[in-house]
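Okay, structure first, notes after.
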Amino acid sequence: MENVRNIFETMLTSPVIFRNRDVLRHSYTPEYLPHRKNEIEALASILVPALKGETPSNALIYGKTGTGKTATVNFVGNQLEAISRKMNVICFVHYLNCELIDTQYRVLATLAKILGKNVPMTGWPTDQVYEEVRKSIDERNQSIIIVLDEIDKLVRKGDEVLYNLSRINSELNNARVSIIGISNDLKFKNFLDPRVISSLSEEELIFPPYNAEQLQDILQQRAELAFNDDVLDSEVIPFCAALAAQEHGDARKALDLLRVSGEIAEKENSEFVTLEHVRKAVKKIEMDHILEAVRMLPTQNKILLFGMVLLSEAGFKKFTTGEIFTVYKSLCKRVGVDVLTQRRISDLISELDMMGIINSIIISKGRYGRTREIKLDVPNDPVKEALLEDYRLEALASAEKNIRNVASLDIFEYT
DNA sequence: CCTCCACCGGAAAGCCGGGTCA
DNA sequence: TGACCCGGCTTTCCGGTGGAGG
């Protein structure tokens, strides 16, 4: 009977690490934000005029990733909307992420949609959409706060939207609009028209990175909600906090680390999350980043890297520019792709080196010349798998054996 | 001590897709 | 619409070089 147990039953009865893992995700806004009291108060005091029927100043918020900018704005925004309902004041906070909504038209169309207007996501003249937005905002006496997250992404494609939005108030009779821009790039103002800068940055807030202690508090708070009681080893949180503090005090990274550690413990059917799990999580996250980077590589770089994986699989711990170049050439022919010059490949090798995928040093073999000595810095199998996901490299999956012979021949001739 | 290998890496120019402006 | 420009990628050309072998 044991072996016919429902598979889900088995999984559900194994030790449970998480109570609610979503608490550790980026999208979650906690009920209170540790160590952001000053920032919350500053932002609230900027926005409080909205409740009195006045226009709040526009504001710009700066800070590196994972310093709680978005969470703070969401938090204050929610509180503002809540209190406005109680006070019978009409006040809305609308959040737009400019990474996804990155053109003037999309911003306006999305705003129109939020405001209940039916505007197609493409097709209308921009000023008509703007007019639509303006009208629907001005329909009643209300305060609208527009949050533009990652505003620097928007600015890259021209600052017209910002210019239009920042002067919208002068065309409104009943309503009031203010804009809050969030950016992790301090220099993004350089791309802006001075008039836009002065109107947009009436107020500025800077979010400093968290230190290890503060990160620890944040993790502690979330861990209580995310994990079941007593499943975390006592050193786990301080360790995660310390690791993340080393890397610019990024709370997002710290939370990722904690979540992945928990997931690894869960997968191993462990009752507890230990330091060992955290160490594995560090490796896993690192590996995931590298694989992601590999997937994003241009085709030429992929072929080159594939050649390196083959050499490495064939037992060559290290190899030279010339060797990898001959392998690369034959791979190109197999795939039907133009062969780049050795000069160019030399640069591509440097790029892979910078990314930390390979390790290359320049050595001199005296009589036998001066070259780079290259070794792969990552495990073969996962990288190879990631490379073969690219349909353009399809031909290489089966050609492997042939290539290996070619490679061996050339290299044996050499040494 | 000199040679000479096998490549390094800077400079400059060509090519190409995309965007701008009159 | 065509002339023009821009930036990224690539090629061409070439002077430079650490050290094993002679």
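Excluded from the calculations below are hydrogen atoms, water molecules and symmetry mates; all remaining heavy atoms, backbone and side chain alike, are included. Below, chains carry the letters A, B, ... as their sequence lines are ordered, and counting in each starts from 1.
- Asp338(A) places its CG atom 15 Å from the P atom of dC15(B), with the value rounded to the nearest Å.
- Listed for the Tyr328(A) side chain is a donor-acceptor partner under 3.5 Å among the backbone atoms of Leu340(A).
- Atom pair Asp347(A):CG and dC7(B):C1' shows a separation of 13 Å (rounding to whole Å applied).
- Rounded to whole Å, the distance from CG on Leu340(A) to C1' on dG8(C) is 14 Å.
- Residues Glu171(A) and Tyr130(A) have side chains that bring a donor and an acceptor to within less than 3.5 angstrom of each other.
- Screening Ile264(A), Leu232(A), Val260(A) for a side-chain contact (heavy atoms from CB on, under 4.5 Å) with His277(A), the sole residue that qualifies is Ile264(A).
- Distance Glu373(A) CD to dA6(B) P: 16 Å, rounded to the nearest Å.
- Checked against the 6.0 Å centroid threshold, Tyr62(A) and Phe207(A) do not count as a close aromatic pair.
- Within residues 292-303 of chain A, no residue has any heavy atom closer than 4.0 Å to DNA chain B.
- Evaluated for a side-chain contact (heavy atoms from CB on, under 4.5 Å) with Leu258(A), the options Ile218(A), Val278(A), Leu24(A) yield exactly one hit, Leu24(A).
- Among Ile137(A), Leu165(A), Ile144(A), the one residue that satisfies the side-chain contact (heavy atoms from CB on, under 4.5 Å) test with Leu111(A) is Leu165(A).
- Following rounding to the nearest Å, Ile362(A) (CD1) and dG9(B) (P) show an atom-to-atom distance of 4 Å.
- Summarising the geometry, the separation between CG on Asp353(A) and P on dC8(B) is reported as 12 Å, rounded to the nearest angstrom.
- One can place CZ of Arg344(A) at 15 Å from C1' of dG10(B), the figure rounded to the nearest angstrom.
- Gln342(A) has its CD atom 15 Å from the C1' atom of dT10(C), to the nearest Å.
- Judged by the 6.0 Å and 45° rule, Arg36(A) forms no cation-pi pair with Phe75(A).
- Thr341(A) has a side-chain polar atom (N or O) that falls below the 4.0 Å cut-off from OP1 or OP2 of dT11(C).
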Reading 5' to 3' through nucleotides 15-22 of chain C, protein heavy-atom contacts under 4.0 Å coded B for base, S for sugar-phosphate only, - for none: --BBBBS-

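- A 4.5 Å side-chain heavy-atom check between Asp250(A) and Lys64(A) finds every atom pair outside the cut-off.
- Ion pairing between Asp288(A) and Lys284(A) holds under the 4.0 Å rule for side-chain N and carboxylate O.
- Residue Arg372(A) places at least one side-chain N or O closer than 4.0 Å to OP1 or OP2 of dC8(B).
- Distances shorter than 4.0 Å separate none of the side-chain N or O atoms of Thr371(A) from OP1 or OP2 on dA6(B).
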